[in-house]
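When a ligand or atom number is given, it counts from 1 through the structure's own listing order. Below, all heavy atoms of this structure are taken into account, side chains as well, without hydrogens, waters or symmetry copies.
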Amino acid sequence: MNEKYRIGNSIDIHPLVIGAPLYIGGVLIPSKKGSISHSDGDALMHAVVESILGALNKGDLGMSFPDTDEKTTGISSTFFLNEVKKILNDEGYKINNIDIMIVLEEPKLGKYKKLVCENLSSLLGIKINQINIKAGTNEKIASIGNNDSYLVWCTTLIEKI
Ligand code: MG
């Protein structure tokens, strides 16, 4: 196995409900509907964290951060990113690049992608051009298309330090 580069991916989905906040990549996005989960419902952050864990051969998000843990109830998902950043460093790896796909019907994310990218790059200590964020809709199909949920895919390549 090539240990110089390792790749991980993840997909995360959360329900959207009226009145809840919508955090995407740690950025509060103005929206009628927000995301709910055990933590703050930040599917982008969860997908990024889990893709890094995958690249490190460390199972899934729930193995490291169980959703039964009262310490993480309602917590900002930035906590998980900071924790996984430490694990990445302890294992002797750094991030090469991250590619993210958000599928959300409303609101349109065009004007927020740069903010999300800047926040992630600052939290991870990597350059903006190491993170690519794409956003699209589900063409009004099914639960995502009805704006009752949203989904994030993420692929991360890590490199031995
Ligand atoms: Mg999640």
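Within the 4.5 Å cutoff, side-chain heavy atoms of Lys33 are placed close to those of Asn147. In this structure, the side chains of Ile98 and Leu124 come closer than 4.5 Å at one or more pairs of heavy atoms.
In summary, Asp42 places no N/O/S atom under 2.8 Å from the Mg ion (ligand 1), failing the contact criterion. For a distance bound of 2.8 Å, the N, O or S atoms of His38 include none lying that close to the Mg ion (ligand 1).
Remark: at the Mg ion (ligand 1), atom OD2 from Asp12 and atom ND1 from His46 enclose 90°, rounded to the nearest 10 degrees.
Between Phe80 and His46, the ring-plane angle classifies as perpendicular under the 30° and 60° cut-offs.
The hydrophobic cluster containing Ile13 does not contain Leu44, counting ILVMFWY residues as joined when their side-chain heavy atoms lie under 4.5 angstrom apart, directly or transitively.
The closest approach of His14 to the Mg ion (ligand 1), by N/O/S atoms, is made by NE2.
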